[in-house]
Amino acid sequence: MPDTGAESVLSAAIATEPGSALGPTRRPVPRFPDPDPLVQHGPARIVAICNQKGGVGKTTTTINLGAALAEQGRRVLLVDFDPQGALSVGLGQGDPRQLDITVHNMLLENDTEWEDILLETSVEDMHLLPSNIDLSGAEVQLVHEVGREYILSGKLKPAVEHYDYILIDCQPSLGLLTINALAAAQGVIVPLECEYFAMRGVALLMETIEKVQQRINPSLTIDGFLGTMYDSRTLHTREVLQRIVQAFGDQVFHTVINRTVRFPDATVMGEPITTFDPSSMGANHYRELAKEVIQRWKELG
């Protein structure tokens with residue numbers, strides 16, 4: 001596994017109760033404090049939500065982590081970098097094919113900037129750069145561009161001063177679009193479904209991240225691995241989560257996202273679970289994840 005430079009952050013002392021109960025990861029559950037209020041916003045930390053396997057909770061995590069961060073008084077920009085446009089749909093944009101201007105235009109048109117495609121969401125201080133199927137053609141068009149790996153980075157650079165966090169929802173592949181996201185990001189969050197096949201292919205993702213670190217973006221780190229679709233009632237998901245912890249140690253978040261029908265229900269309504277069902281288990285898990293990632297990012301400076 002590549003040296004991501006995150007180990008020193010992940011080993012930072014976080015208060016735990018003596019003899020505190022073990023969490024789903026079978027580690028003592030830390031008490032993550034409520035983050036301090038901000039007196040000013042920016043510059044943003046750019047984080048890619050990435051896994052080449054589909055259906056592991058990337059979009060769900062992008063929406064709900066973003067909303068939970070906004071609840072903590074952070075300004076958040078979400079970037080839909082998947083031609084399927086699931087992030088845009090999940091934030092109430094309806095049929096993304098009807099959008100006149102999207103991330104595709106921002107990437108390929110010199111006179112289209114991030115502000116030109118910016119959309120508000122139902123969550124205060126959380127904004128969206130939408131996408132649709134047009135983005136699938138960008139990968140082919142970018143191949144012949146000079147500095148093609150850095151196109152997204154250049155386009156997002158002016159937005160950094162306006163936000164605290166920029167979360168990029170990557171497509172389920174390791175193509176040029178994902179490389180652009182990793183080149184622009186300072187950190188990567190890897191959602192891993194607590195299911196056997198989730199572990200397969202992770203080595204390829206790690207290899208890609210290592211190559212990006214070596215050749216394109218030396219400052220890129222892995223912010224953490226997130227267990228998703230966890231069901232404590234089944235031995236299988238418990239065993240898979242333990243395998244994830246054995247493989248990645250303290251890089252695995254203590255917070256684990258349980259499987260619940262409330263996530264797809266919230267998606268249908270086009271809003272985060274934190275507003276759709278604010279007292280639900282899923283909403284509270286993402287609030288805990290927000291506090292945990294803020295703690296990790298704080299240590300990174």
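All figures in this text were calculated on a predicted structure; none of them were measured in a lab.
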| query | Is E288 salt-bridged to K291, cutoff N-O under 4.0 Å? | reply | yes

| Quick one: CD on E195 to CG on D231, what's the gap to the nearest 0.5 Å? | 12.5 Å

| request: Not counting sequence neighbours, which residues clear salt bridge (Lys or Arg N to Asp or Glu O under 4.0 Å) with K211? List them please. | output: E207

| task | First locate atom CD of E124, then atom OG1 of T275, and finally report the distance between them rounded to the nearest 0.5 Å. | result | 12.5 Å

| task | For R75 and D125, run salt bridge (Lys or Arg N to Asp or Glu O under 4.0 Å): C-alpha distance rounded to whole Å, both residues' side-chain angles, the deciding distance at 0.1 Å, then the answer. | result | CA-CA 5 Å; R75 285 179 57 84; D125 282 336; 3.2 Å; yes

| remark: The complete set of ring pair (Phe, Tyr, Trp, His ring centres under 6.0 Å) pairs with one or both residues in residues 269-291, sequence neighbours excluded, reads F263-Y286

| Charged N to carboxylate O below 4.0 Å: is that the case for D82 and K58? | no

| query | Rounded to the nearest 0.5 Å, how far does CG of L174 lie from CG of L204? | reply | 5.0 Å

| If you measure from CG on L135 to CE on M106, what distance do you get to the nearest 0.5 Å? | 9.0 Å

| query | Just how far is it from atom CG of N180 to atom SG of C170, taken to the nearest 0.5 Å? | reply | 10.0 Å

| query | Of L69, I273, T59, I257, which meets side-chain contact (heavy atoms from CB on, under 4.5 Å) against N64? | reply | I273

| Other cluster members, V256 - Ile/Leu/Val/Met/Phe/Trp/Tyr, side-chain contacts below 4.5 Å | Y230, L241

| message | I'd like to know whether T112 forms a side-chain hydrogen bond (donor to acceptor under 3.5 Å, both in side chains) with N105, so could you lay out the CA-CA distance, the side-chain angles of the two residues, the decisive distance to 0.1 Å, and finally the verdict. | response | CA-CA 6 Å; T112 301; N105 304 87; 5.6 Å; no

| query | Does the side chain of S122 come under 3.5 Å of the side chain of E271 through a donor N or O and an acceptor N or O? | reply | no

| request: Can you see which heavy atom on P35 is nearest to which on R74, and at what distance? | output: CB-NH2, 3.6 Å

| message | Membership question, hydrophobic clusters at under 4.5 Å side-chain separation (ILVMFWY): are L129 and V89 in the same one? | response | no

| field | Members besides L235 in its Ile/Leu/Val/Met/Phe/Trp/Tyr cluster (side-chain heavy atoms under 4.5 Å) | value | none

| query | What do the steps show when you test E239 against R243 for salt bridge (Lys or Arg N to Asp or Glu O under 4.0 Å), and what is the final call? | reply | CA-CA 6 Å; E239 289 180 340; R243 290 187 61 185; over 6 Å; no

| field | Test side chain to side chain donor-acceptor pair (under 3.5 Å) applied to T234 - qualifying residues, sequence neighbours left out | value | T237

| request: Answer yes or no: is there an ion pair linking E193 with K53, defined by an N-O contact shorter than 4.0 Å? | output: yes

| Value rounded to 0.5 Å, distance of CG in L182 from CG in L177 | 11.0 Å

| Which pairs pass ring pair (Phe, Tyr, Trp, His ring centres under 6.0 Å) with one or both residues in residues 124-145, sequence neighbours excluded? | H127-Y163

